[in-house]
Amino acid sequence: MKRVISSNDAPEAVGAYSQATTDGELVFTAGQIPMTPDGELLSDEPIATQAEQSLSNIQGVLSAEGLDMSDILKVTVFLDDIDDFEEMNDTYSEFFDDESPARSAVEVANLPKGVSVEIEAIASSE
Ligand SMILES: C=C(N)C(=O)O
């Protein structure tokens, strides 16, 4: 059965979606944009800062379920400029150990709120 997950350690949704949902085993985070839990948008910051905030938001959402980054199975990274890949990847690698989750990283034309990166994750509580 679906259950909505809510965390104060990640920003509120900027649209008609939940921060995350779960079926009791898998946790699906919404795409996290570089916005602080207080609602400050970091769209003018360097890609490293934006990626760090997006990943920190994922940590915040997962922590509401007692999970952490090591529980993530799959990540999708959306970039508005694939030339940011290396810098994003450097920051990204700081959040994961040797057993990194599967990942897709793609360039998209535009992202909400003028941000440069949006990151979503699927984690397992099993
Ligand atoms: C930011 C989002 N995750 C959205 O608009 O769906």
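All values below come from the heavy atoms of this structure, side chains included, with hydrogens, waters and symmetry mates left out. The first residue of the sequence shown is numbered 1, and numbering continues consecutively from there.
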S.K.: Do I5 and I119 belong together in a cluster built from hydrophobic side chains that touch within less than 4.5 Å?
M.R.: yes
S.K.: Do N57 and P37 touch side chain to side chain, with heavy atoms closer than 4.5 Å?
M.R.: yes
S.K.: Hydrophobic clustering (ILVMFWY, side-chain heavy atoms < 4.5 Å, transitive) - are V115 and V61 grouped together?
M.R.: no
S.K.: Establish whether L67 and L55 are linked, either directly or via other cluster members, by ILVMFWY side-chain heavy-atom contacts under 4.5 Å.
M.R.: yes
S.K.: Restricting to side-chain hydrogen bond (donor to acceptor under 3.5 Å, both in side chains), what partner residues turn up for D68, sequence neighbours left out?
M.R.: S70
S.K.: Sequence neighbours left out, what pairs pass salt bridge (Lys or Arg N to Asp or Glu O under 4.0 Å) with at least one residue falling in residues 39-66?
M.R.: R3-E65
S.K.: So does L26 get a backbone contact from the side chain of S124, meaning a donor-acceptor N/O pair under 3.5 Å?
M.R.: no
S.K.: Let me confirm one number: the OG-CE distance from S63 to M69, rounded to the nearest 0.5 Å.
M.R.: 10.5 Å
S.K.: At what distance, to the nearest 0.5 angstrom, does CG of D71 lie from CG of L62?
M.R.: 7.5 Å
S.K.: Test side-chain contact (heavy atoms from CB on, under 4.5 Å) on V77 and M88; report intermediate values, then the result.
M.R.: CA-CA 9 Å; V77 179; M88 175 281 296; 3.9 Å; yes
S.K.: Quick one: list whatever passes ring pair (Phe, Tyr, Trp, His ring centres under 6.0 Å) with F95, sequence neighbours left out.
M.R.: none
S.K.: Counting N and O atoms only, with roles assigned by atom type, does the side chain of S125 sit under 3.5 Å from a partner on the main chain of G24, one being a donor and the other an acceptor?
M.R.: yes
S.K.: Decide whether I47 and V75 are clustered together by the hydrophobic rule: side chain heavy atoms of Ile, Leu, Val, Met, Phe, Trp, Tyr closer than 4.5 Å, transitively.
M.R.: yes
S.K.: Pairs in or reaching into residues 109-126: which pass salt bridge (Lys or Arg N to Asp or Glu O under 4.0 Å), with residues at least two apart or in two chains?
M.R.: none
S.K.: Nearest 0.5 angstrom please: L42 CG to M35 CE, how far?
M.R.: 8.5 Å
S.K.: For Q32, give me all partners under side-chain hydrogen bond (donor to acceptor under 3.5 Å, both in side chains), at least two apart in sequence or on another chain.
M.R.: none
S.K.: Can you name the nearest heavy-atom pair linking Q50 to S116, along with the distance?
M.R.: OE1-N, 2.9 Å
S.K.: If a pair satisfies ring-ring contact (aromatic ring centres under 6.0 Å, His included) and one of its residues is in residues 30-85, list it, with sequence neighbours excluded.
M.R.: none
S.K.: Name every donor-acceptor pair, under 3.5 Å, that has one atom in a side chain of residues 6-20 and the other anywhere in the protein, sequence neighbours excluded.
M.R.:
residue, atom, partner, partner atom, Å
S7, OG, D9, N, 2.9
S7, OG, G60, O, 2.9
Y17, OH, V14, N, 3.1
Q19, OE1, S7, N, 2.5
Q19, NE2, S7, O, 3.0
Q19, NE2, A10, O, 3.2
Q19, NE2, P11, O, 2.9

S.K.: Nearest 0.5 angstrom please: L41 CG to Q53 CD, how far?
M.R.: 10.0 Å
S.K.: Could you list the donor-acceptor pairs under 3.5 angstrom formed by side chains in residues 103-111, with sequence neighbours left out?
M.R.:
residue, atom, partner, partner atom, Å
R103, NH1, N89, OD1, 2.9
R103, NH2, N89, OD1, 3.1
S104, OG, K74, NZ, 3.1
E107, OE1, I82, N, 2.7

S.K.: Can you measure from CD1 (I58) to CD1 (I72) and round to the nearest 0.5 angstrom?
M.R.: 5.5 Å
S.K.: Same hydrophobic cluster for I33 and V117, using side-chain heavy-atom links shorter than 4.5 Å among ILVMFWY?
M.R.: no
S.K.: Which residues satisfy the side-chain hydrogen bond (donor to acceptor under 3.5 Å, both in side chains) test with T76, sequence neighbours excluded?
M.R.: none
S.K.: Linking directly or through intermediates, with side-chain heavy atoms under 4.5 Å: list the remaining ILVMFWY members grouped with M1, chain and number order.
M.R.: none
